[in-house]
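Hydrogens, waters and symmetry mates are skipped; everything else that's a heavy atom, side chains included, is used.
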Amino acid sequence: MLRPRWIGMLLLCLVVAGVFAWLGQWQLARAVQVNPNPPGATEEVRPIGDVVQPGEYLNDPLVGQRVETSGTWVPGDFLIVESRYNDGVKGYWVTGQLRLGEGETEVTGPVSVAVALGWASTMDAAHAAVETLEREASDADPIDVTGRLIADEGPVLPPHGADPQTMTRMSPAALLGRWHDIEELSVFRPYLASTEALGGLDAISSPAPEEGSTVNWLNIFYAVEWAVFAGFAFYLWYRLAKDAWEKELEDFADDEGEGDGEPAGDAPGGGAAARG
């Protein structure tokens, strides 16, 4: 272990273990929320631009935050999302593109947010709401919208045999692919679940999020994993060095065994014994 080769290997293991230790410390820092939101913070209505900016991910403490904004609906972009449950009943959401007014965010240029406007129990009722909303959107009068910010659910492929345009997840990324007038458009990653139903729809059931723990146990588990990896780096160095040492002992023993042995034909009386 004191040979230059193995000392060099030890130094390499120290570097690797140091990287693993830093990653473990980083996970621990993320595991404990130093300044958690006070109880009921999500129920305070805040301007959307104070909570998140277009293109940014929504941090866990802000999921379900009630926000307010204002803008106009973009005609032709009222779309239906299937398989949405309201108090345990399966139905449909009608969504729309709300083009925000100037000064709502820090971003220059057009900005939009996807809004879930309400729930319908049947597809016919959802289509009827779309027709109503399209007529109202033609007025182009700014409206105020209040609701909860919810993280993007991520797009998924439609069920087998269904219409390729079918959407079953509320994903602004998927909606953006079907919206109009999107040149140089900035879009919020989360969507807004409107508190007030529009277009004759039912209000979306959106209770306040449960108060989460200030400790993220998954991050703590990852931190423990990195500590194990750091210890394994030293064990690997020890195991490799020990295997090399044992191999040298075996080779030394084999060499000594060959040096002590004598050919059978040179043994005293060997010739007579052979003739016997």
Side-chain angles (χ1 to χ4, degrees), residues 26-71 73 81 84-87 93-119 142-156 167-176 179 185-198 203-223:
W26 177 73
Q27 288 288 356
L28 282 176
R30 292 172 57 88
V32 180
Q33 190 178 344
V34 179
N35 296 314
N37 288 339
T42 58
E43 302 310 290
E44 178 186 354
V45 180
R46 301 168 57 187
I48 190 172
D50 291 351
V51 177
V52 66
Q53 290 293 313
E56 294 180 352
Y57 287 98
L58 188 64
N59 296 326
D60 287 341
L62 298 174
V63 173
Q65 176 68 49
R66 296 188 66 194
V67 297
E68 60 182 359
T69 187
S70 63
W73 301 112
V81 179
R84 310 311 298 181
Y85 287 84
N86 222 37
D87 295 329
W93 277 3
V94 176
T95 70
Q97 177 190 173
L98 183 67
R99 183 65 51 86
L100 273 58
E102 295 185 4
E104 291 284 326
T105 68
E106 300 173 358
V107 177
T108 58
V111 177
S112 289
V113 61
V115 181
L117 302 167
W119 179 86
I143 64 168
D144 297 326
V145 179
T146 301
R148 293 190 187 277
L149 276 177
I150 311 296
D152 186 346
E153 297 177 0
V156 296
M167 291 183 293
T168 58
R169 304 287 291 275
M170 185 61 185
S171 171
L175 294 171
L176 178 61
W179 282 350
L185 178 67
S186 299
V187 180
F188 283 88
R189 287 183 179 271
Y191 67 90
L192 187 61
S194 178
T195 303
E196 179 183 356
L198 303 175
I204 295 174
S205 177
S206 182
E210 296 181 359
E211 296 295 336
S213 172
T214 58
V215 177
N216 189 326
W217 293 104
L218 183 61
N219 287 100
I220 292 180
F221 173 75
Y222 289 151

Exceeds 12 heavy-atom contacts within 6.0 angstrom, atom CD of E196: no

Could you tell me the separation between the CD1 atom of I204 and the CG atom of D87, rounded to the nearest 0.5 Å? 11.5 Å

Any residue meeting side chain to side chain donor-acceptor pair (under 3.5 Å) with S112, in chain and number order, not counting sequence neighbours: Q97, R99

Please tabulate, for side-chain N and O atoms in residues 45-55, each donor-acceptor pair with protein atoms closer than 3.5 Å (sequence neighbours left out).
residue : atom : partner : partner atom : Å
R46     : NH2  : D50     : O            : 3.3
Q53     : OE1  : E106    : N            : 2.9
Q53     : NE2  : G49     : O            : 2.7

Just so I know, are the side chains of L149 and V63 near enough to count as touching, which here means a heavy-atom distance under 4.5 Å? no

Under 3.5 Å, is there a donor-acceptor pair linking the side chains of D152 and S171? yes

Just to verify, what does R66 make a salt bridge (charged side-chain N to carboxylate O under 4.0 Å, His left out) with, not counting sequence neighbours? none

Of L185, L100, V187, which meets side chain to side chain contact (heavy atoms under 4.5 Å, CB included) against P110? L185

Heavy-atom side-chain contact between F188 and V107 under 4.5 Å: no

Residues at least two apart in sequence or cross-chain that pass side chain to side chain donor-acceptor pair (under 3.5 Å) with T195, listed by chain then number, are none

State the CG-CD1 distance between L98 and I143, to the nearest 0.5 angstrom. 6.0 Å

Nearest 0.5 Å, what's the CG-CG distance between L28 and N219? 8.5 Å

Report the distance from atom CG of L192 to atom CD of E68, rounding to the nearest 0.5 Å. 11.0 Å

Can you name the residues that form a side chain to side chain donor-acceptor pair (under 3.5 Å) with S70, not counting sequence neighbours? E104

Run the side chain to side chain donor-acceptor pair (under 3.5 Å) test against Y57 and tell me which residues pass, sequence neighbours left out. R189

Would you please name every residue forming a side chain to side chain contact (heavy atoms under 4.5 Å, CB included) with A151, sequence neighbours left out? none

Using side chain to side chain contact (heavy atoms under 4.5 Å, CB included) as the criterion, list what pairs up with N59, not counting sequence neighbours. P61

Looking only at heavy atoms, what is the nearest atom pair of S194 and V145, with distance? OG-CG1, 4.1 Å

Is the closest side-chain heavy-atom distance between T95 and L117 below 4.5 Å? no

Looking at R148 and P207, what are the two nearest heavy atoms and their distance? NE-O, 3.6 Å

Taking salt bridge (charged side-chain N to carboxylate O under 4.0 Å, His left out) as the test, write out the residues that go with E153, two or more places apart. R84, R169

Assess whether side chain to side chain contact (heavy atoms under 4.5 Å, CB included) is satisfied between W119 and V94, documenting all intermediate values. CA-CA 7 Å; W119 179 86; V94 176; over 6 Å; no

Would you please name every residue forming a side chain to side chain contact (heavy atoms under 4.5 Å, CB included) with A114, sequence neighbours left out? M170, P172, L175, W179, Y191

Suppose we screen for side chain to side chain contact (heavy atoms under 4.5 Å, CB included). Which residues come up paired with A203, at least two apart in sequence or across chains? A197

